[in-house]
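Below: one structure, written as structure tokens.
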Amino acid sequence: MEAMRDLIQVEHGAILAIQLGDIGDVVLTLPALRALKTNFPHNRLVVCVRQKAGELMTLCSDVDRVITVDKRKRSLLAEIKYQIAFLSSLKNERYGLSIDFRTGTRGAVATLIANARTRLGFFDAEEKLWRNRVFTHLVHPEYQSEIHVSDYYFELVRWLGIMSDPPPPVLPVSDALKENVKQRLNANEIDPEAPFIVLQPFSLWSYKELHPDKYVDLADRITHSCKVPIVLSGAPNESDRAQAIADRCSGQVINMAGQTTIGELTGLLALATLFIGVDSAGVHIAAATGTPTVSIFGPSAPSSWAPRGDRHIAVQPHRACVPCRRKGCDDSGISQCLDALSVDHIMDAARPTLGTLFPSWTVR
């Protein structure tokens, strides 16, 4: 292991980190990136992520360059031009080491193109015929259902001899970005210098969401009890659903879903006093900015996905089948556990956090 570290430093080649998962996966890879930069400070760290996570990675001070993969459909000619540009961007560096944090074929292709001398990845027992052969070294992590995803990704850098404990994910937010978001909040009649809560009702996966009625009830209880406004966050395609929730709330609930880029969302969450939301990218980003979180889980395992630390609370229904780690009951896309989760349960779990953060909080 020590010889491997010396080899990379002598070559002065860049390190390519490939993480083509969703935004939450990207955030949970930040500890591994921090460890790489700390242990190899003289090597450029290049990160390859999906397009939607590109702006987020530009906020990471450990990253020297970001390459993005755009999966949008194009005409044949446009696709050819895009692939040529992508290949060129990958080949623009000389890599001493590449690390693929996933087991998909797209990351393996990027690994093959980058052609680092040392190519590190996870062993995939269900791989296509060629995938495992792309790598010079494969890590066989012992599967444990309760392992945190961040620790799972960190196993790859441990192979390099980095034996420190994983640091928490951190996303620094510049003053300029915060000022930009403050202007957006002022335009929505939210005082950015006063306490406010961000509520993210939706997820990339609908089986992780509550019924809209519960969000209305939850928002009303919080605005009346804590005397603070709530900002709804989300993607552009969730804006109409978020507005439907805001329209039914009796307190000050402002819909900003679709009004921010992923970078601006990071700034918004950094300014918030508290983040409340379902198992989604938002909870990981909020925690990485240092904002306390209350995350709502259904089929997924908080032990694997929830932010860690005493500033973060995970709420989950008390049912024998939870967590099943499936895409809804029997992979139906519908989670009966979340249908059964009451707003009372959420408020009871959040009560210590609400009482600490909001002195005016009263039981409702």
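Heavy-atom basis, side chains included; hydrogens, waters and symmetry copies ignored.
Around atom NZ of Lys327, no more than 12 heavy atoms belonging to other residues, nucleotides or ligands sit under 6.0 Å away. Heavy atoms of other residues, nucleotides or ligands lying less than 6.0 angstrom from CZ of Arg106 number 12 at most. The 12-atom threshold is exceeded at CG of Asn237, counting heavy atoms of other residues, nucleotides or ligands nearer than 6.0 Å. Residue Asp175 places its CG atom among 12 or fewer non-hydrogen atoms of other residues, nucleotides or ligands, all under 6.0 Å distant. The 12-atom threshold is exceeded at CG of Asp348, counting heavy atoms of other residues, nucleotides or ligands nearer than 6.0 Å. Counted within 6.0 Å of CD on Gln243, heavy atoms from surrounding residues, nucleotides or ligands total more than 12; the atom is thus considered enclosed. Within 6.0 Å of the CD1 atom in Ile334, the count of heavy atoms belonging to other residues, nucleotides or ligands does not exceed 12.
Of the possible donor and acceptor atoms, none in the side chain of Ser332 sits under 3.5 Å from a partner among the backbone N and O of Gly328. When atom types are taken as modelled, the side chain of Glu264 and the backbone of Thr261 share a donor-acceptor pair closer than 3.5 angstrom. Asn92 places no side-chain N or O within donor-acceptor distance of the main-chain N or O of Ser88, the cut-off being under 3.5 Å. In this structure, Asp70 contributes its side chain and Arg50 its backbone to no donor-acceptor pair below 3.5 Å. At distances below 3.5 Å, not a single donor-acceptor pair connects side-chain atoms of Tyr215 with backbone N or O atoms of Leu199. Judged purely by atom type and a 3.5 angstrom limit, Asp22 has no side-chain atom pairing as donor or acceptor with the backbone of Gly24. Within the 3.5 Å criterion, the main-chain N or O of Phe297 finds no donor-acceptor partner in the side chain of Ser300. Under the 3.5 Å distance criterion, the side-chain polar atoms of Thr291 are left unmatched by any main-chain donor or acceptor of Ala287. Between the side chain of Thr273 and the main chain of Phe196, a donor-acceptor pair closer than 3.5 Å is present. Between the side chain of Asn255 and the backbone N or O of Ala257, at least one donor-acceptor pair lies under 3.5 Å.
Summarising the geometry of Lys182 relative to Pro192, their closest heavy-atom pair is CG-CB, 3.5 Å, with the distance given to 0.1 Å. Across all non-hydrogen atoms, the minimal contact from Arg248 to Val216 is O-CG1, 3.7 Å. Closest approach of Val27 and Pro31 over heavy atoms only: O-CD, 3.9 Å. For the residue pair Asp124 and Thr103, the shortest heavy atom distance occurs at OD2-O, 3.5 Å. What you find for Gln19 and Asp25 is that their closest heavy atoms are NE2-O, 3.7 Å. Across all their heavy atoms, Leu16 and Ala114 have their closest contact at CD2-CB, 3.5 Å.
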Are Gln259 and Asn188 close enough, and set up right, to give a side chain to side chain contact (heavy atoms under 4.5 Å, CB included), and what steps lead you there? CA-CA 11 Å; Gln259 295 185 29; Asn188 283 279; 3.6 Å; yes
Run the side chain to side chain contact (heavy atoms under 4.5 Å, CB included) test on Ile230 and Gln252 for me, step by step, so that the C-alpha distance in whole Å, both residues' side-chain angles and the decisive distance to 0.1 Å come before the verdict. CA-CA 6 Å; Ile230 288 177; Gln252 187 182 9; over 6 Å; no
Any chance you could lay out the side chain to side chain contact (heavy atoms under 4.5 Å, CB included) test for Val46 and Asp64, step after step, and finish with the verdict? CA-CA 6 Å; Val46 180; Asp64 296 296; 5.7 Å; no
Go through it in stages, so that I can follow the logic: the residues are Arg119 and Asp100, the test is salt bridge (charged side-chain N to carboxylate O under 4.0 Å, His left out), and I'd like the CA-CA distance, side-chain angles, deciding distance and then a yes or no. CA-CA 8 Å; Arg119 301 180 294 278; Asp100 183 8; over 6 Å; no
I would like to know whether Ile197 and Ile222 meet side chain to side chain contact (heavy atoms under 4.5 Å, CB included); could you show each step before the answer? CA-CA 9 Å; Ile197 295 172; Ile222 291 172; 3.4 Å; yes
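To the nearest 0.5 Å, atom CG of residue Leu269 and atom OG1 of residue Thr293 are 10.5 Å apart. A distance of 7.5 Å separates CG in Leu338 from NZ in Lys214, rounded to the nearest 0.5 Å. One distance of note links OG of Ser98 with CG of Leu120; it measures 8.0 Å at 0.5 Å rounding. Note that the CD1 atom of Ile67 and the CD atom of Gln51 stand 12.5 Å from one another [nearest 0.5 Å]. Between atom CG of residue Asn180 and atom OG of residue Ser174 there is a gap of 9.0 Å, rounded to the nearest 0.5 Å. Separation of atoms CG (Leu160) and CG (Asn39) is listed at 8.5 Å; rounding is to 0.5 Å.
With hydrogens and angles left out, the side-chain atoms of Tyr153 and Arg102 include a donor and acceptor closer than 3.5 Å. Counted by atom type alone, Tyr207 and Asp331 present zero donor-acceptor pairs between their side chains at under 3.5 Å. His148 and Ser304 share no side-chain donor-acceptor pair at under 3.5 Å. Counting only N and O atoms by type, the side chains of Ser250 and His224 include a donor and acceptor under 3.5 Å apart.
Residues Leu274 and Val198 form no side-chain contact, since every pair of their non-hydrogen atoms from C-beta on lies 4.5 Å or further apart. Val49 places none of its side-chain heavy atoms less than 4.5 Å from the side chain of Val69. Looking only at side-chain heavy atoms (C-beta outward), Leu232 and Ile245 come within less than 4.5 Å of each other. Residues Leu185 and Leu268 are in side-chain contact: their nearest non-hydrogen atoms beyond the backbone lie under 4.5 Å apart. Proximity of Phe358 to Val228: side-chain heavy atoms (C-beta onward) are separated by under 4.5 Å at one or more points. Side-chain contact between Ser295 and Pro302: absent, with no pair of heavy atoms (C-beta onward) separated by less than 4.5 Å. Residues Ile113 and Lys91 have side chains in contact (heavy-atom distance under 4.5 Å, counting atoms from C-beta outward). Contact annotation: the side chain of Ile162 approaches that of Phe40 to within less than 4.5 Å [non-hydrogen atoms, C-beta and beyond].
Separation of the Phe101 and Tyr152 ring centroids does not fall under the 6.0 Å cut-off.
Taken together through direct or relayed side-chain contacts under 4.5 Å among Ile, Leu, Val, Met, Phe, Trp and Tyr, Val149 and Ile23 form part of one hydrophobic cluster. Following chains of ILVMFWY side-chain contacts shorter than 4.5 Å, one cannot reach Val322 starting from Ile346, and the two form parts of different hydrophobic clusters. Cluster annotation: Leu204 is not connected to Leu265 through the hydrophobic network of ILVMFWY side chains, with a link wherever side-chain heavy atoms come within less than 4.5 Å. Hydrophobic cluster membership differs between Trp205 and Leu210, with clusters built from Ile, Leu, Val, Met, Phe, Trp and Tyr side chains linked at under 4.5 angstrom. Follow the hydrophobic side-chain contacts under 4.5 Å out from Phe275 and you reach Ile254 in the same cluster.
Taking the six-membered ring where the residue is Trp, Trp159 and His137 present tilted rings, their angle falling between 30° and 60°. In this pair, Phe123 and His140 present their aromatic rings parallel. The plane angle is below 30°, not in the 30 to 60° band.
Salt-bridge annotation for Arg241 and Glu209: present, with a side-chain N of the basic residue lying under 4.0 Å from a carboxylate O of the acidic one.
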